[in-house]
Amino acid sequence: MNKANGANEINGVTRITKAFEGKKALIAYIIGGDPNIETTEELIIALANSGVDIIKIGIPFSDPSAEDLDAQSAHERALKNGCTTDSLFEMIKRVRETVKIPLLFVTYINPVFVYETDRFFDKCVECGIDGIIVPDIPFEEKDELTDVCSKTKVAQISSIALNSNKISERMENIARYAEGFIYCVSGMNIDASDMVSEIKKNSPVPCVVDWGMATTADGFVIGKEIIKLVGQYGRHSVDPVKEFVKEIAEKIK
């Protein structure tokens with residue numbers, strides 16, 4: 001079967017699951033094309049060589065409303081410097097020659113629809129993307145992508161907003177049907193450790209949180225810190241990011 005018209009040779013869920021085997025996973029988040037596509041390529045390779053287990057790559061978007069101001073600025077810089085979805089696909093295809101850890105796209109649903117959903121996922125398969133996170137698709141509407149993710153074996157990663165100290169029925173359902181891992185986003189004044197422990201009782205997959213939020217998590221995301229470093233150092237950000245990531249990796253391995 002032609003990869004571009006069928007499923008991944010290796011199931012994305014399987015590759016992601018292996019990243020958590022016997023350890024807590026370290027997950028890095030960068031905005032693709034910030035400050036340019038060449039630096040993003042260098043960053044992915046450096047992160048993979050610095051102890052990161054999974055890399056999330058944001059597709060730049062004009063209205064990244066679910067993200068903080070630093071990330072919004074990163075999206076703006078990437079778009080201003082000419083980053084496109086196609087240029088990201090081509091870059092991922094190049095780095096896949098050496099980078100073997102799972103790579104995920106973080107994108108809003110509009111870029112997927114504009115690109116055309118089937119075509120977008122065929123390109124994900126072709127370049128070696130293992131999973132996708134779409135922050136503006138609520139759990140109740142996840143079926144919009146379920147069939148194409150199942151067909152292409154690109155994992156559809158779910159998020160849970162920890163905005164209460166009580167597990168709701170909705171949280172239980174998200175946890176029960178999750179694949180790959182669950183990204184638990186903690187709000188203010190929430191006991192994230194206890195909440196993650198409760199969610200894990202309902203989930204067949206690992207739970208991850210932002211770095212420093214919950215010791216009970218199965219993995220940690222470092223995104224805000226990396227995005228700030230890239231914003232500060234621009235094209236010279238690879239070494240500062242690499243040193244920062246190595247320091248975090250040593251603490252959790």
Side-chain angles (χ1 to χ4, degrees), residues 1-13 15-16 27-41 43-44 54-67 71-97 99 101-159 179-181 183 223 227 230:
M1 181 180 291
N2 187 313
K3 279 182 67 178
N5 294 303
N8 281 320
E9 292 177 354
I10 300 176
N11 189 308
V13 175
R15 285 173 59 101
I16 293 167
I27 303 170
Y29 177 40
I30 60 176
I31 305 300
D34 179 33
N36 55 45
I37 201 72
E38 294 81 12
T39 303
T40 298
E41 185 169 350
L43 281 168
I44 291 173
I54 298 171
I55 302 174
K56 302 191 301 176
I57 304 149
I59 297 177
F61 182 50
S62 58
D63 184 25
S65 56
E67 302 183 67
Q72 290 178 21
S73 295
H75 281 265
E76 185 177 342
R77 287 192 298 269
L79 291 171
K80 184 178 179 180
N81 291 328
C83 181
T84 65
T85 303
D86 276 325
S87 64
L88 282 177
F89 279 132
E90 290 303 314
M91 181 271 294
I92 297 296
K93 193 172 183 179
R94 289 195 300 271
V95 301
R96 263 299 179 216
E97 296 178 6
V99 173
I101 64 174
L103 301 177
L104 316 180
F105 270 148
V106 180
T107 181
Y108 293 80
I109 193 60
N110 188 62
V112 177
F113 287 161
V114 169
Y115 202 88
E116 296 182 3
T117 302
D118 287 341
R119 178 169 169 254
F120 179 89
F121 279 88
D122 283 346
K123 294 290 285 189
C124 286
V125 172
E126 184 180 333
C127 72
I129 287 292
D130 296 290
I132 185 170
I133 301 174
V134 186
D136 59 340
I137 286 191
F139 171 74
E140 291 77 12
E141 298 174 17
K142 70 187 293 287
D143 287 350
E144 289 190 38
L145 297 180
T146 297
D147 287 347
V148 68
C149 284
S150 177
K151 181 181 71 174
T152 57
K153 297 183 182 178
V154 173
Q156 186 177 6
I157 306 299
S158 298
S159 299
E179 61 180 15
F181 65 86
Y183 181 27
I227 289 169
V230 175

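Proximity of V112 to F121: side-chain heavy atoms (C-beta onward) are separated by under 4.5 Å at one or more points. Two residues are said to be in side-chain contact when any heavy atoms from C-beta on lie closer than 4.5 Å; D34 and P60 fail this criterion. You'll find the side chain of E144 stays beyond 4.5 Å of the side chain of T117, heavy atoms only. Looking only at side-chain heavy atoms (C-beta outward), V106 and Y183 stay at 4.5 Å or farther from each other. Contact annotation: the side chain of Q72 approaches that of P64 to within less than 4.5 Å [non-hydrogen atoms, C-beta and beyond]. You'll find the side chain of I16 reaches within 4.5 Å of the side chain of L104, heavy atoms only. The closest side-chain heavy-atom distance from E67 to Y29 is below 4.5 Å. Proximity of I132 to C149: side-chain heavy atoms (C-beta onward) are separated by under 4.5 Å at one or more points.
Atoms CD1 and CG, on I101 and L103 in that order, are 6.0 Å from each other to the nearest 0.5 Å. Taken from NE2 in H75 to CD1 in I31, the straight-line distance is 3.5 Å, to the nearest 0.5 Å. Atom CG of L43 and atom CD1 of I55 lie 9.0 Å apart (nearest 0.5 Å).
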Run the side chain to side chain contact (heavy atoms under 4.5 Å, CB included) test on I54 and F181 for me, step by step, so that the C-alpha distance in whole Å, both residues' side-chain angles and the decisive distance to 0.1 Å come before the verdict. CA-CA 11 Å; I54 298 171; F181 65 86; 4.3 Å; yes

Full working for side chain to side chain contact (heavy atoms under 4.5 Å, CB included) between V230 and T40: CA-CA 10 Å; V230 175; T40 298; over 6 Å; no

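Considering all non-hydrogen atoms of both residues, I133 and S159 come closest at CG2-OG, 4.3 Å. When all heavy atoms of I129 and G131 are compared, the closest pair comes out as CG2-O, 3.3 Å. The heavy-atom pair separating T107 from D136 by the smallest distance is O-OD1, 4.4 Å. Nearest heavy-atom pair across C124 and F105 is SG-CD1, 4.0 Å. For the residue pair E179 and V154, the shortest heavy atom distance occurs at OE2-O, 4.2 Å. Minimum interatomic distance between A66 and Y108 (heavy atoms only, all atoms of both residues): N-OH, 3.0 Å.
The residues R96 and D130 are annotated as salt-bridged, a charged nitrogen and a carboxylate oxygen being separated by less than 4.0 angstrom.
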Listing, residues 83-91 side-chain donor-acceptor contacts under 3.5 Å, not counting sequence neighbours, or none:
unit_1: T84; atom_1: OG1; unit_2: S87; atom_2: N; d: 3.0
unit_1: T84; atom_1: OG1; unit_2: S87; atom_2: OG; d: 3.3
unit_1: D86; atom_1: OD1; unit_2: Y115; atom_2: OH; d: 2.4
unit_1: S87; atom_1: OG; unit_2: T84; atom_2: N; d: 2.9
unit_1: S87; atom_1: OG; unit_2: T84; atom_2: O; d: 2.8

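No donor-acceptor pair under 3.5 Å is formed between the side chain of D143 and the backbone N or O of T146. Looking only at distances, no side-chain donor or acceptor of N81 sits under 3.5 Å from a matching main-chain atom of N36. Under a 3.5 Å cut-off, the side chain of E41 and the backbone N or O of V95 do not form any donor-acceptor pair.
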